[in-house]
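Remember, it's 1-based here, ligands and their atoms both numbered in the order they're listed. Please read these numbers as outputs of a predicted model, since none were measured by experiment.
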Amino acid sequence: MVILMIGPPGAGKGTQVERLSRRYSLSKVGAGDILRQEVIKKSELGVKVEEYMKKGMLVPDDIIIDMITRRLDCGSECQGYLLDGFPRNQKQAQRLDHLLEERGEKIELVFNIEVSEPELIKRISGRRVCTKCFRLYHIDYRKPRVDELCDNCGIPLIQREDDREEVVRKRLTLYREETKPLLEYYRCQSKLVDINGNSHTEEVFRQISAYIDSHLTHGSHSKKAELK
Ligand code: AMP
């Protein structure tokens, strides 16, 4: 099973993917997380992508597609994948379809998490992250047990450089221009599920899980009926 999570930066995709991957034993493939790990390791890939990321630009398609291909090859033992942050434009979406077809797999569901722009800015500017396990926190909504330290690793949390407001605005523009058109691409294939991401994390998780459960039990036709 392959599930995609699409939404603007700050929509809560990472938080949902973290929980969903545990619940459904799916392998989590977070494009941004993998890239950040490479930057921290100062690997050849990390050095190539660091400047694009700092500026809130998209990393070139060939680099990202190559990275995702290798990542999917590593997880061949799992029940499926939850993709977060990939694809982000039409070219990536087409390459992903092709890649999955070659592997005899296909995308089952695409969740579109919608959140208003003022709420996104509020969420992102308060976001903090652990540089070791990548767990996400928020200065108001999801505080660590001990001030500014990761609950898992005990190391100081940081604010991502691309979470500064001017970079966030650029990332939101890129989302509108490059990624949002993908929603129609998946809607036409009857794979898209719109989720109101303004609700509380728990409620968003409940809604997404209901769709997945229904899909697993009955297939795609009864997706909407289950939520009523
Ligand atoms: P994210 O954590 O998903 O917000 O991603 C952080 C940054 O990683 C983005 O602003 C891009 O610079 C880069 N990135 C992540 N996913 C992709 C992708 N699919 N294509 C190109 N760049 C990406």
Side-chain angles (χ1 to χ4, degrees), residues 2-18 20-21 28-43 45-72 81-100 107 110-115 117 119-121 123-138 157-183 185-186 197:
V2 179
I3 297 178
L4 308 189
M5 207 57 83
I6 297 186
K13 304 182 297 293
T15 306
Q16 296 298 332
V17 161
E18 210 172 284
L20 293 164
S21 67
K28 174 178 86 169
V29 181
D33 284 346
I34 304 175
L35 291 170
R36 275 184 287 280
Q37 267 166 351
E38 296 296 327
V39 170
I40 287 169
K41 281 196 287 191
K42 298 193 190 309
S43 69
L45 171 62
V47 172
K48 268 193 215 161
V49 300
E50 187 170 11
E51 282 309 304
Y52 294 101
M53 294 179 75
K54 269 191 196 160
K55 292 179 190 153
M57 293 163 67
L58 289 187
V59 167
D61 289 332
D62 288 339
I63 296 182
I64 203 93
I65 291 163
D66 186 49
M67 179 187 94
I68 295 289
T69 307
R70 276 186 281 121
R71 180 65 184 73
L72 294 187
Y81 303 95
L82 260 169
L83 266 62
D84 165 17
F86 181 88
R88 254 172 152 107
N89 60 27
Q90 194 69 34
K91 181 175 174 190
Q92 293 181 10
Q94 281 162 353
R95 294 283 293 271
L96 177 63
D97 285 346
H98 186 64
L99 183 66
L100 293 175
I107 297 164
V110 179
F111 289 100
N112 165 35
I113 308 194
E114 296 175 303
V115 178
E117 205 151 313
E119 174 67 17
L120 289 173
I121 304 274
R123 287 187 189 179
I124 301 180
S125 53
R127 186 157 74 177
R128 299 291 181 271
V129 63
C130 170
T131 52
K132 196 169 170 202
C133 71
F134 296 104
R135 186 159 175 183
L136 292 170
Y137 297 85
H138 190 279
L157 303 172
I158 60 146
Q159 179 176 40
R160 275 166 48 177
E161 212 164 325
D162 61 347
D163 278 351
R164 285 176 295 119
E165 190 164 334
E166 66 278 16
V167 186
V168 169
R169 290 200 184 277
K170 195 161 168 193
R171 290 166 65 204
L172 288 173
T173 304
L174 256 181
Y175 174 77
R176 275 195 302 270
E177 290 173 357
E178 298 270 335
T179 311
K180 237 179 154 182
L182 286 185
L183 300 179
Y185 179 70
Y186 292 118

Give every donor-acceptor pair under 3.5 Å between a side-chain atom in residues 53-63 and any protein atom, sequence neighbours left out.
from: Asp61; atom 1: OD1; to: Asn89; atom 2: ND2; distance (Å): 3.0
from: Asp61; atom 1: OD1; to: Gln92; atom 2: NE2; distance (Å): 2.9

For Ile34, all residues meeting side chain to side chain contact (heavy atoms under 4.5 Å, CB included), sequence neighbours excluded: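 For Ile34, the residues satisfying side chain to side chain contact (heavy atoms under 4.5 Å, CB included) (neighbours in sequence not counted) are Val29, Met67, Arg71.
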Which residues share a side chain to side chain contact (heavy atoms under 4.5 Å, CB included) with Thr173, sequence neighbours left out: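 Expected list: Arg176, Glu177.
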Output yes when a side-chain donor or acceptor of Lys13 lies under 3.5 Å from a complementary backbone atom of Pro8, and no otherwise.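 Yes, because the side chain of Lys13 sits within donor-acceptor range (under 3.5 Å) of the backbone of Pro8.
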Between Arg123 (side chain only) and Leu120 (backbone N and O only), is there a donor and an acceptor less than 3.5 Å apart?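 Not confirmed, Arg123 side chain does not pair with Leu120 backbone.
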Which parts of the protein, at residue level, reach under 4.0 Å of ligand 1 through a heavy atom?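 Within 4.0 Å of ligand 1, protein side: Ala31, Gly32, Leu35, Arg36, Met53, Met57, Leu58, Val59, Ile64, Gly85, Phe86, Arg88, Gln92, Arg160, Asp162, Arg171.
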Has Lys132 got more than 12 heavy atoms of other residues, nucleotides or ligands less than 6.0 Å from its NZ?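 Open: at most 12 neighbouring heavy atoms sit under 6.0 Å from NZ of Lys132.
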